[in-house]
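Contents: one structure, followed by commentary.
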Amino acid sequence: MVNSHDEIARRLDEADAARSARRAEAATTIGELARRHSTVAGQLAELERELATAVASAADVIDIAELAQVTDVPAADLTRWKEKAAKPRGRPRKRPATENARTRRSRPRPSHTEAASTPQTAALDSPASGGSDDTSAASPLPASTG
């Protein structure tokens, strides 16, 4: 049994030192591999852009099937690269709103009560047009007895 506080602290420091060394080694290895991955991924992306351009520019002199046959490159890969060259890169930028668009958006919309008093609805409510003041339109149909 360990009796001394100093002995316990020494043993904990040894255990922590070994764990810290393993953690530092793991972090260093993973950091280096991630940097290499990033570099290779960038190179691969550039190579795919070059392939896409080459396949697309050769399309007028050799078709995909023949190119696949003479290069032993799968037609699916050639087609994918050709299609990638045809697509625009990235998203199109959204144009900034014009002053008119900003003004239209900032104007409050009319509420239901305001909409009811528009000239179109006022004409429908007038007695001359047979609107809501016309009592004959509002009267119920006579009930049939028989």
Side-chain angles (χ1 to χ4, degrees), residues 1-134 136-141:
M1 183 186 270
V2 178
N3 293 336
S4 164
H5 174 68
D6 292 336
E7 181 64 21
I8 292 171
R10 185 187 64 75
R11 288 182 182 183
L12 285 173
D13 286 342
E14 284 177 9
D16 287 347
R19 182 171 185 266
S20 290
R22 288 189 0 243
R23 291 173 64 220
E25 183 180 342
T28 301
T29 301
I30 291 168
E32 184 178 321
L33 290 172
R35 280 187 290 280
R36 283 179 45 203
H37 178 275
S38 179
T39 301
V40 170
Q43 291 171 347
L44 180 60
E46 179 59 30
L47 183 58
E48 287 207 356
R49 279 191 291 275
E50 288 179 34
L51 274 164
T53 302
V55 171
S57 65
D60 63 335
V61 293
I62 188 167
D63 66 1
I64 296 292
E66 185 180 7
L67 192 56
Q69 184 180 14
V70 297
T71 61
D72 292 330
V73 175
D77 289 345
L78 295 167
T79 301
R80 179 173 45 91
W81 290 322
K82 181 180 177 186
E83 289 172 354
K84 188 179 275 190
K87 292 181 184 176
R89 285 194 221 165
R91 286 194 203 164
R93 282 187 48 188
K94 190 174 182 180
R95 292 185 179 187
T98 63
E99 192 59 39
N100 282 341
R102 283 188 209 113
T103 304
R104 276 183 273 142
R105 277 192 302 237
S106 64
R107 261 189 279 166
R109 292 186 176 186
S111 66
H112 261 326
T113 56
E114 291 176 41
S117 65
T118 61
Q120 293 90 356
T121 56
L124 292 176
D125 288 341
S126 71
S129 66
S132 60
D133 290 340
D134 188 5
S136 64
S139 63
L141 295 175

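The pair Glu7-Arg10 counts as a salt bridge, with a side-chain nitrogen and a carboxylate oxygen less than 4.0 angstrom apart. Classification of Arg19 and Asp16 as a salt-bridged pair fails, no side-chain N sitting under 4.0 Å from a carboxylate O.
Taken to the nearest 0.5 Å, the OG1 atom of Thr71 stands 5.5 Å off from the CG atom of Leu78. One finds the OG1 atom of Thr39 at 12.5 Å from the CG atom of Leu44 (value rounded to the nearest 0.5 Å). From Leu67, atom CG reaches atom CG of Asp72 across 10.5 Å, with rounding to the nearest 0.5 Å. The distance from the CG atom of Leu47 to the CH2 atom of Trp81 is 8.0 Å, given to the nearest 0.5 Å. For the atom pair CG of Asp63 and CD of Gln69, the computed distance is 9.5 Å after rounding to the nearest 0.5 Å.
Looking at every heavy atom in both residues, Ala68 comes nearest to Pro74 through CB-C, 4.4 Å. When all heavy atoms of Ser57 and Ala54 are compared, the closest pair comes out as OG-O, 3.1 Å. Contact record, Lys82 with Ala56: CG-CA, 4.5 Å, taken as the closest heavy-atom pair.
A donor-acceptor pair is defined here as one N or O able to donate and one able to accept, closer than 3.5 Å; no such pair exists between the side chain of Ser38 and the backbone of Ala34.
Identified under the salt bridge (charged side-chain N to carboxylate O under 4.0 Å, His left out) test for residues 21-47, with sequence neighbours left out: Glu46-Arg49.
By the neighbour-count criterion of 12 heavy atoms within 6.0 Å, atom CD of Glu48 is densely surrounded, having more than that number from other residues, nucleotides or ligands.
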